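These numbers were taken from a predicted model, which means no experiment stands behind them.
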Amino acid sequence: AKAVAAAKTAAGHMAVISVEVDTLAQLDEALTAAPHVVLLDNFSLDDLKAAVAAAKGRAVLEASGGVNLETVRAIAETGVDVISVGALTHSAVAVDFGLDFTG
């Protein structure tokens with residue numbers, strides 16, 4: 001809560017303040033400071049649902065961790081506002097190709 005207050009003071013009114021939490025207790029503390037966005041890191045589906053109920057629209061809730069094609073629908077159905085898919089960057093398959101010119 002102190003860190004969010006300090007960030008709001010330092011950043012000014014145009015900045016979006018985002019907080020990452022990994023427990024419902026941390027979410028409760030974060031919400032007292034009124035951040036704009038709360039990143040729910042590796043929450044279970046039940047905890048995501050509980051987080052949505054606890055936040056009551058006071059912050060944008062972003063789910064991350066464990067998101068893939070098999071889990072994304074169930075995560076979306078919890079009511080979170082945003083879902084981050086880290087696999088798009090950290091698990092992308094590299095392509096090796098060359099631009100050889102033999103002129």
Side-chain angles (χ1 to χ4, degrees):
K2 289 180 184 178
V4 172
K8 284 182 174 183
T9 299
H13 72 284
M14 295 297 289
V16 173
I17 306 299
S18 180
V19 175
E20 180 176 326
V21 301
D22 50 23
T23 67
L24 289 169
Q26 290 176 350
L27 172 64
D28 289 340
E29 181 181 353
L31 289 172
T32 65
H36 301 100
V37 180
V38 178
L39 176 70
L40 307 170
D41 189 34
N42 290 305
F43 273 45
S44 68
L45 292 175
D46 287 339
D47 284 350
L48 288 172
K49 290 176 190 173
V52 170
K56 297 177 184 155
R58 293 181 283 165
V60 172
L61 298 181
E62 178 176 345
S64 74
V67 181
N68 57 49
L69 290 176
E70 289 77 37
T71 62
V72 71
R73 181 181 190 91
I75 292 169
E77 289 173 347
T78 67
V80 296
D81 301 297
V82 179
I83 302 172
S84 293
V85 183
L88 292 174
T89 54
H90 65 66
S91 298
V93 178
V95 175
D96 184 17
F97 65 92
L99 299 173
D100 300 333
F101 177 74
T102 56

Supply the atom-to-atom distance Glu29 CD to Lys2 NZ, rounded to the nearest 0.5 angstrom.
9.5 Å

To the nearest 0.5 Å, what is the distance between NZ (Lys8) and CD1 (Ile17)?
7.5 Å

Under the criterion side chain to side chain contact (heavy atoms under 4.5 Å, CB included), which of Leu39, Leu31, Leu40, Asp28 is the partner of Val21?
Leu40

Could you give the side-chain donor-acceptor pairs of residues 76-84 under 3.5 Å, partners two or more places apart or in another chain?
from  : atom 1 : to    : atom 2 : distance (Å)
Glu77 : OE2    : Arg73 : NE     : 3.3
Thr78 : OG1    : Ile75 : O      : 2.6
Asp81 : OD2    : Leu61 : N      : 2.8
Ser84 : OG     : Glu62 : OE2    : 2.1

Side-chain donor-acceptor contacts of residues 43-58 below 3.5 Å, not counting sequence neighbours, with atom names and distances?
from  : atom 1 : to    : atom 2 : distance (Å)
Ser44 : OG     : Asp47 : N      : 3.1
Arg58 : NE     : Ala55 : O      : 3.1
Arg58 : NH2    : Ala54 : O      : 2.8

Under 4.5 Å between side-chain heavy atoms, hopping through other hydrophobics if needed: is there a path connecting Leu69 to Val67?
no

Considering non-hydrogen atoms only, spot the tightest contact between Ala59 and Val38 and give its length.
CB-CG2, 4.0 Å

Identify the heavy atoms of Glu20 and Asp41 that sit nearest to each other, and give their distance.
OE2-OD2, 3.2 Å

Output yes when a side-chain donor or acceptor of Thr71 lies under 3.5 Å from a complementary backbone atom of Gly66, and no otherwise.
yes

